[in-house]
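A short worksheet on the structure shown next.
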Amino acid sequence: MPVHESEAIILQSYPLGEADRIVSFFSRGAGRLRGVAKGARRTKSRFGSTLERLSHIRIWYYERETRDLVRINQSELIESFMVAHADYDTSVAFSLFSEISEMVLPEREPLDAPFRLLLLVSKAIKQSVKPAVPLAYFCLWTLKLAGWLPSLDHCCLCGRNIAAEPGFVAPALEGVACAKCKPASSRMMPKETLTLAQRMLFEKLDQLMQANLPSLAVHELTAHLLDWIEWHGEKHLKSRELWEPTN
Ligand SMILES: [Zn+2]
């Protein structure tokens with residue numbers, strides 16, 4: 001059986017029996033995979049702390065015929081994000097990154113842009129310990145890369161340009177509607193929130209983090225983006241209930 005080698009990011013890892021772990025990982029070369037790491041729970045394991053959530057690693061694994069789970073042979077740490085798990089908001093943002101990635105990334109499909117996005121936001125949070133802007137950026141770009149981001153400056157029902165006015169969103173609406181077309185159950189998305197989303201599509205994350213963005217608009221945007229992710233993914237994000245950012 002040929003051994004595959006790839007750069008990877010750990011998405012989740014669960015105990016299996018007394019000594020092993022089941023690991024979900026995003027391989028740069030092969031996409032999202034699940035595998036068994038034998039002996040990973042033993043104190044003197046050769047995996048060490050490489051299988052922690054969002055660890056950036058080099059991984060060696062082989063496929064087993066007729067089994068969905070690959071067998072993980074070995075892993076080496078490239079960069080750990082463990083230190084960032086110590087802060088509550090940061091740790092919740094990391095949970096959202098892994099939960100959203102599990103929901104959105106197709107299995108066994110190598111995708112370089114989502115891989116780079118996940119690394120970029122994790123590094124930004126590790127350096128700044130300020131997760132709000134990276135989380136909004138991650139949600140926006142995840143929607144964009146999945147092809148799920150609606151037009152933010154045109155009404156999704158009549159097509160009119162709404163760049164200079166607030167938009168309206170509702171669960172069943174595949175985009176943002178204008179004031180005339182909005183369904184009865186819709187919520188307003190202020191112009192400031194829409195402008196911020198546009199800005200996040202054109203500016204680099206480090207510029208955005210230095211720009212002193214209004215935190216209320218960032219949180220409001222994140223809430224709308226998470227709604228869209230849940231709607232497209234047809235699933236509730238469990239870590240979302242824990243997200244109460246303070247900065
Ligand atoms: Zn309209």
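Both backbone and side-chain heavy atoms feed into the values below; hydrogens, waters and symmetry mates do not. Ligands are counted one by one from 1 in listed order, and the atoms in each one are counted from 1 as well.
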| In Å, rounded to the nearest 0.5 Å, how long is the span from OG of Ser91 to CZ of Arg53? | 6.0 Å
| query | Are any of the side-chain nitrogens in Glu79 or Lys126 under 4.0 Å away from the carboxylate oxygens of its partner? | reply | yes
| task | State, with a plain yes or no, whether a side-chain heavy atom of Ser55 is found less than 4.5 Å away from one of Leu77. | result | yes
| message | At less than 2.8 Å, how many protein N/O/S atoms surround the Zn ion (ligand 1)? Leave waters out. | response | 4
| Residues Ser13 and Arg21: side-chain donor-acceptor under 3.5 angstrom | yes
| message | Just so I know, are the side chains of Val169 and His224 near enough to count as touching, which here means a heavy-atom distance under 4.5 Å? | response | yes
| If you round to the nearest 0.5 Å, how far is CD of Gln12 from OG of Ser101? | 9.5 Å
